[in-house]
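This is a predicted model, so every value here is computed, not measured. Each chain gets a letter, A, B and so on, in the order the sequences are listed, and its residues count up from 1.
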Amino acid sequence: MNTEPHILVVDDHREIRDLVSRALVREGYRVSTAIDGRAMRKALADSRIDLVLLDLMLPGEDGLSLCRSLRAESNTPVIMLTAKGDEVDRVIGLEMGADDYMAKPFGSRELLARIKAVLRRAGNATAAGSKSPPKHYRFDNWVLETGARELLREDGVAVPLSTGEYDLLITLVERPQRVLSREQLLDLARGRGATAFDRSIDTQVSRLRKKLERDPGDPKIIKTVWGGGYMFTPAVERT
Amino acid sequence: MMQYYPKSLFGQTLLILVAGLAAALVAGSLLYSFDRGKAVRAVSGLAAAQRIANLTRLVEETPVDWRTRIVAGISDQAFRVTISESVPDLNQDESDPATSQAIGEFLVEQLALGPGRLPLVSAKAGGSTMSLLHNPITGPGPGPMMHGMGPFGVFGGFRELQAAIPLADGRWLFFTTILPESSSGFSSQFLLSMAIMAAVVLAASGWVVRRITAPLGALSAAAERFGRDLNAPPLPETGTTETSHAARAFNSMQVRLRTLIENRTRLLAAISHDLRTPLTLLRLRAENFEDVGERDKMLSAIVDMDAMITTVLDFARDEAKTEMARSTDVAALVQSIADDMTDAGLSVKMTPSDPITLECRPIALKRALTNLIDNAVKYGKNAHITVGTTTSAAIITINDEGPGIPEQEIAHVFEPFYRIEESRNRDTGGVGLGLSIALSAVAAHGGQLTLKNRPEGGLSAVVRLPRP
């Protein structure tokens with residue numbers, strides 16, 4: 001009985017399929033490949049797939065519509081391989097239900113990090129009984145949008161976040177009302193596939209407080225726990 | 001004065017109509033009332049002169065003894081006749097020479113008076129109702145004969161006519177009467193009818209002009225909407241022939257433009273995919289390379305190439321034209337770029353700012369500002385960013401401490417693919433599109449991007465984004 005995650009690589013380019021497969025196998029994953037949508041559906045029917053790497057540009061039915069129909073049928077996580085690396089396309093991809101995306105040209109290390117993060121999240125989600133990742137987190141007077149990776153103020157005005165701020169905030173809103181040490185936060189953020197913070201967690205927290213808190217000098221949302229770390233205090237509603 | 005001049009087509013057309021209508025009314029009324037005044041005066045002057053001539057003839061043909069009795073008989077309040085022994089004292093003070101002369105000549109002709117018997121005539125000009133009240137011949141207040149109704153209302157003024165005619169026996173026959181004069185003022189009825197006419201014409205023309213200008217407003221609103229949203233619904237092709245023609249032309253232009261943009265987007269996506277797939281292959285293969293030194297060089301060349309493709313595609317895609325505008329805190333946007341670059345180890349400083357909310361396209365704006373800050377760090381060692389507002393604009397300033405740009409080059413650096421010689425020599429990469437992309441994005445926001453050398457050294461890039 002194999003316990004290694006089974007990954008399906010869907011790309012019409014043979015060499016990409018081969019190279020990605022080789023990298024995944026080297027990392028211990030089981031790998032199947034598919035050349036297009038039809039082959040993908042067959043592979044999904046034939047065996048238990050833990051994650052789909054789906055190219056955006058495919059002959060016949062394209063990746064976006066495949067992703068949507070896949071999402072309608074199952075909770076199998078999807079990472080889109082997009083050639084565009086374009087924010088608008090990324091947002092559309094995530095709207096279609098992809099769990100993450102990888103812009104070409106990607107390296108194998110980045111790809112493996114993303115796969116690990118998505119699998120871990122999928123595992124947690126299954127345990128928690130939740131389906132696809134939430135698109136919005138509501139807390140206090142704020143909404144965190146995962147698609148556009150930004151905060152919406154009460155009056156609907158978008159407040160852009162830096163990459164570090166977003167990675168920290170998403171880590172916090174997924175674990176509200178729990179004390180998290182700096183080491184835990186760093187580890188969790190890295191585990192999501194986030195590039196490591198070059199600044200300390202404290203810097204990111206103080207930046208986030210400036211944007212979130214009514215009075216950054218007396219924080220109510222991200223509280224400092226003496227000797228422990230930080231706690232995200234408001235209740236979070238996932239939608 | 002000019003500030004009251006309306007800017008809209010509706011206002012201007014209405015103003016012209018109103019001014020024209022008013023001018024026509026005033027000119028017409030004046031002309032009519034002058035003409036009328038003259039006619040009334042001529043008619044009543046002529047009638048009075050005729051009466052004077054007839055009476056003079058009658059008196060002349062009457063035996064001398066009866067004359068006094070006859071004169072007394074024909075004299076009444078409004079037409080007084082007397083016989084005097086001496087030359088009567090005519091009040092010539094306010095006499096209107098033209099009228100007096102005309103009546104005098106008429107009398108000479110009618111009575112066939114010789115040169116030795118010229119009549120004396122005084123037609124007092126412009127007598128008013130007030131002066132009439134003090135006129136001894138009429139007594140207090142105007143008599144029933146002295147006013148009447150005409151199309152222009154009550155005669156407002158009267159003129160006094162005095163005529164003295166020498167009789168054959170050397171005595172003088174002296175007449176005093178009044179000539180009605182039409183008023184140049186307007187009655188309230190006249191003004192009311194004019195007002196009703198003006199109101200009806202104005203309302204009708206207002207409605208017509210509105211009908212003409214409303215489709216223009218709809219057209220410009222549709223163009224505006226299309227500028228923001230490619231999938232904006234087409235204009236309804238209704239209304240007058242001209243309006244529906246314009247709407248149809250606009251709709252077909254919209255369809256052509258949309259097809260063009262969709263084709264371009266598809267083409268760019270295909271190019272992007274076709275270029276990046278082999279680049280991905282190269283990268284994955286390079287990772288398996290044994291020689292670490294060679295491998296890193298290959299990987300860095302791949303990164304550079306990818307950056308170039310991204311830049312060229314960004315420029316060609318011109319995202320600022322297709323991204324949806326949304327309400328964004330621009331200060332937080334700039335801060336997030338600065339933080340990202342600081343986190344990446346670049347020397348970027350930003351003076352903190354209060355939120356500045358602006359309707360904008362955040363992705364395009366982020367790309368533009370990233371390019372500018374990137375340039376500051378690359379060529380100017382570091383970037384210092386300040387964000388502020390005036391009443392009409394948000395202003396983002398990026399200062400560096402580099403060598404600046406030679407003045408003669410400043411106009412050229414915004415041209416696509418233009419690179420200053422120094423930046424070519426230095427190994428700074430890029431294809432010369434960063435500023436073109438930034439300029440195009442800022443311009444799509446209706447803003448301005450200016451570069452200037454700071455007197456204390458270094459370059460200053462200023463982005464002005466208009467605020468409503």
Side-chain angles (χ1 to χ4, degrees), chain A residues 11-16 18-23 26 55-58 62 81-91 102-111 148-153 155-167 195-199 203-204 207-208 210-211 216, chain B residues 265 268-288 299 302-303 305-306 309-310 313-314 317 319 322-324 326-345 352 355-367:
Chain A
D11 199 314
D12 59 319
H13 206 285
R14 187 184 52 81
E15 281 187 86
I16 297 265
D18 291 351
L19 283 164
V20 170
S21 303
R22 226 185 295 165
R26 210 164 36 218
D55 190 30
L56 187 69
M57 291 270 198
L58 286 173
D62 73 26
L81 300 178
T82 141
K84 304 180 189 176
D86 176 302
E87 303 215 23
V88 173
D89 295 316
R90 187 196 74 206
V91 171
M102 195 77 239
K104 289 182 184 174
F106 51 80
S108 48
R109 210 170 338 139
E110 286 174 79
L111 181 64
R149 296 167 77 93
E150 68 191 8
L151 267 175
L152 286 184
R153 219 159 66 183
D155 56 5
V157 172
V159 179
L161 296 173
S162 74
T163 312
E165 286 166 345
Y166 177 80
D167 288 338
T195 47
F197 300 122
D198 284 318
R199 289 288 176 119
T203 311
Q204 302 294 350
R207 284 178 186 165
L208 262 183
K210 269 184 212 150
K211 285 182 178 172
Chain B
T265 310
L268 289 172
I271 292 177
S272 162
H273 183 263
D274 290 351
L275 286 174
R276 271 160 173 157
T277 300
L279 217 52
T280 312
L281 283 178
L282 269 178
R283 183 159 173 191
L284 292 173
R285 286 201 186 290
E287 282 175 355
N288 298 331
L299 287 176
I302 292 165
V303 167
M305 208 164 137
D306 181 45
I309 294 171
T310 307
L313 288 173
D314 280 347
R317 197 177 289 137
E319 210 153 62
T322 51
E323 189 193 344
M324 288 280 275
R326 45 203 300 235
S327 215
T328 307
D329 178 357
V330 175
L333 180 80
V334 181
Q335 185 73 60
S336 73
I337 301 169
D339 288 347
D340 273 337
M341 295 179 113
T342 311
D343 289 348
I356 300 168
T357 305
L358 201 69
E359 193 72 19
C360 70
R361 298 160 171 122
I363 297 174
L365 205 55
K366 182 176 176 177
R367 179 130 44 225

Open item on the list: Evaluate T342(B) against R207(A) for side-chain contact (heavy atoms from CB on, under 4.5 Å), listing each step before the verdict.
Closed with: CA-CA 12 Å; T342(B) 311; R207(A) 284 178 186 165; 4.2 Å; yes
TODO: Go through D339(B) and K210(A) one step at a time and tell me if the salt bridge (charged side-chain N to carboxylate O under 4.0 Å, His left out) criterion holds.
DONE: CA-CA 13 Å; D339(B) 288 347; K210(A) 269 184 212 150; over 6 Å; no
TODO: Apply the test side-chain contact (heavy atoms from CB on, under 4.5 Å) to residues L281(B) and H13(A): give CA-CA distance (whole Å), side-chain angles for both, the deciding distance (0.1 Å), then the verdict.
DONE: CA-CA 10 Å; L281(B) 283 178; H13(A) 206 285; 3.3 Å; yes
- [ ] Please lay out, stage by stage, how R276(B) and M57(A) fare under the test side-chain contact (heavy atoms from CB on, under 4.5 Å).
- [x] CA-CA 12 Å; R276(B) 271 160 173 157; M57(A) 291 270 198; over 6 Å; no
Open item on the list: Apply side-chain contact (heavy atoms from CB on, under 4.5 Å) to residues E150(A) and S336(B) and explain how you reach the verdict.
Closed with: CA-CA 10 Å; E150(A) 68 191 8; S336(B) 73; over 6 Å; no
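Between the side chain of D340(B) and the backbone N or O of T163(A) there is at least one donor-acceptor pair closer than 3.5 Å.
Rounded to the nearest 0.5 angstrom, L279(B) CG and K104(A) NZ are separated by 11.0 Å. A distance of 10.0 Å separates OG1 of T280(B) from CG of L19(A), quoted to the nearest 0.5 Å. Atoms OG and CD, from S162(A) and Q335(B) in turn, are 8.5 Å apart once rounded to the nearest 0.5 Å. Put simply, CG on L284(B) and CZ on R22(A) are 9.5 Å apart, with the number rounded to the nearest 0.5 Å. In this structure, CZ in R109(A) is found 7.0 Å from CD in E287(B), a value given to the nearest 0.5 Å.
For the pairing with V159(A), the side chain to side chain contact (heavy atoms under 4.5 Å, CB included) check across D329(B), T357(B), L333(B), T328(B) returns one residue only, D329(B).
Proximity to chain A is limited to the side chain of D306(B), based on heavy atoms less than 4.5 angstrom apart. Contacts of I16(A) with chain B are made by both backbone and side-chain atoms, with heavy-atom separations under 4.5 Å. Of the atoms belonging to P355(B), it is side-chain heavy atoms, and not backbone ones, that fall under 4.5 Å from chain A. Heavy atoms closer than 4.5 Å to chain B are found in the side chain of D55(A), but not in its backbone. If you measure heavy-atom distances from L152(A) to chain B, the contacts under 4.5 Å come from the side chain alone.
Looking only at heavy-atom pairs under 4.5 Å with chain A, the residue among L282(B), I337(B), N288(B), V330(B) that has the most is N288(B).
Side-chain atoms of T203(A) and D343(B), non-hydrogen and from C-beta on, never get closer than 4.5 Å to each other.
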